[in-house]
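What follows is a short report on a single structure.
Only a predicted model underlies this, so the values are computations on that prediction, with no experimental measurement involved. Scope of the values below: all heavy atoms of this structure, side chains included, with no hydrogens, waters or symmetry mates.
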Amino acid sequence: PGAPMTALPLEPAETARHRAGAAFFDIDKTVSATPAMVAFARPLYDAGLIGKRLVVHAAWQHLRFKARRSNPARMAEIRAAGLEIIRGWDAAEVRRIVERSLPDVLAPAVYDDALALIRAHQRRGDEVWLVSAEPVEIVEPLGAFLGVDGTIGSQATVGADGRYTGEATTWVYGPDKAVAIRSLAEQRRRTDDRTAKRLDRAADRDDDADLAAYNNMLAELARRDARR
């Protein structure tokens, strides 16, 4: 078992509330030198969720990952196989395994240059997001560990019993990443518009209240003058 997950420290400037823009990072081959699913093969084996054959297969996939680029057909094949493997797993248990083992199995694979670039964006005031085809059970803990603002990942369907059904709710691969980012931007725009309107309404109310208070003060002064 690994040590409890502890987030990497942020510099004071990185906690600035004002955000100038946003930067989006993939995980595999961008933030991490090792595919996240491959990195967690051993912890999943130790937990009794997969067998030795799958651990060896994961290692082989890692070599192929380093040697060549993936294509949509291959990724679809991997997706279907992966969903079938996790069918019946307890989703909460998987997240606990990831959070417990992440500092030992994935954090060492994070590129120094990628982490430096993330910190540079944060110092500039940008939001930083991880966007990956990896499952949210990996993407979200890694995002928390790195100290980024948000994450977008693939979601396997979880049934009422808390276990994976073998299907996917959201698949964030290739062009789907751009769609997810545009959707996030649109959500943010709508939220900003609603916030601006709410602030405008509040300002209007405050202005009206201040004007009424000022007029009441003038009326009271006039009444006092009349009594003298």
Side-chain angles (χ1 to χ4, degrees), residues 1-2 4-7 24-28 31-32 34-55 57-58 61-62 65 70 72-107 109 128-188 191:
M5 190 177 76
T6 303
F24 297 89
F25 290 80
D26 200 343
I27 294 178
D28 298 343
V31 169
S32 172
T34 301
M37 287 299 293
V38 172
F40 289 103
R42 182 69 196 194
L44 292 172
Y45 168 77
D46 291 340
L49 293 178
I50 61 176
K52 288 184 178 179
R53 178 177 296 181
L54 278 177
V55 174
H57 179 70
Q61 287 298 114
H62 178 41
F65 173 87
S70 297
R74 179 58 182 154
M75 288 303 299
E77 178 187 338
I78 292 172
R79 171 197 178 190
L83 288 171
E84 183 58 34
I85 289 170
I86 68 173
R87 183 194 299 269
W89 289 8
D90 184 278
E93 180 185 5
V94 172
R95 186 177 288 267
R96 285 193 296 270
I97 292 170
V98 169
E99 291 178 346
R100 184 172 62 246
S101 57
L102 188 150
D104 295 327
V105 302
L106 189 57
V128 176
W129 285 69
L130 297 182
V131 183
S132 174
E134 299 287 359
V136 294
E137 289 80 6
I138 291 176
V139 181
E140 290 176 357
L142 179 59
F145 181 80
L146 295 176
V148 301
D149 295 278
T151 59
I152 299 173
S154 298
Q155 291 183 298
T157 305
V158 179
D161 59 356
R163 297 181 180 277
Y164 296 118
T165 65
E167 300 174 342
T169 303
T170 305
W171 178 243
V172 186
Y173 172 74
D176 295 330
K177 294 176 185 176
V179 172
I181 291 171
R182 286 196 297 269
S183 176
L184 173 65
E186 179 61 19
Q187 291 174 13
R188 286 298 186 87
T191 299

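- The side chain to side chain contact (heavy atoms under 4.5 Å, CB included) test with T151 is passed by exactly one of I138, L130, V128: L130.
- Looking at L44 and W89, their side chains come closer than 4.5 Å, going by heavy atoms from C-beta outward.
- In this structure, V105 and A39 approach most closely via the heavy-atom pair CB-O, 3.5 Å.
- Although no hydrogens or angles enter the test, the distance criterion places a donor-acceptor pair under 3.5 Å between the side chain of S101 and the main chain of I97.
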| request: Determine, stepwise, if the pair F24 / L184 fulfils side-chain contact (heavy atoms from CB on, under 4.5 Å). | output: CA-CA 11 Å; F24 297 89; L184 173 65; 3.8 Å; yes
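- Atoms CD1 and OG1, on I27 and T34 in that order, are 12.0 Å from each other to the nearest 0.5 Å.
- Note that CZ of R163 is 16.0 Å distant from OG1 of T157, once rounded to the nearest 0.5 Å.
- From R95, atom CZ reaches atom CG of D90 across 12.0 Å, with rounding to the nearest 0.5 Å.
- In the model, T170 has no side-chain atom that pairs as donor or acceptor with a side-chain atom of S154 under 3.5 Å.
- Applying the salt bridge (charged side-chain N to carboxylate O under 4.0 Å, His left out) test to residues at least two apart or on different chains, the pairs with a partner in residues 165-177 are D26-K177.
- A salt bridge links E84 with R87; the closest basic N to acidic carboxylate O contact falls under 4.0 Å.
- Residues E137 and Y164 have side chains that bring a donor and an acceptor to within less than 3.5 angstrom of each other.
- Closest approach of L102 and P141 over heavy atoms only: CD1-C, 3.8 Å.
- Within the 4.5 Å cutoff, the side chain of S132 has no heavy atoms near those of the I152 side chain.
- Minimum interatomic distance between G153 and V139 (heavy atoms only, all atoms of both residues): CA-CG2, 4.2 Å.
- In terms of the side chain to side chain donor-acceptor pair (under 3.5 Å) criterion, residue partners of W129 (sequence neighbours excluded) are, by chain and number, E127.
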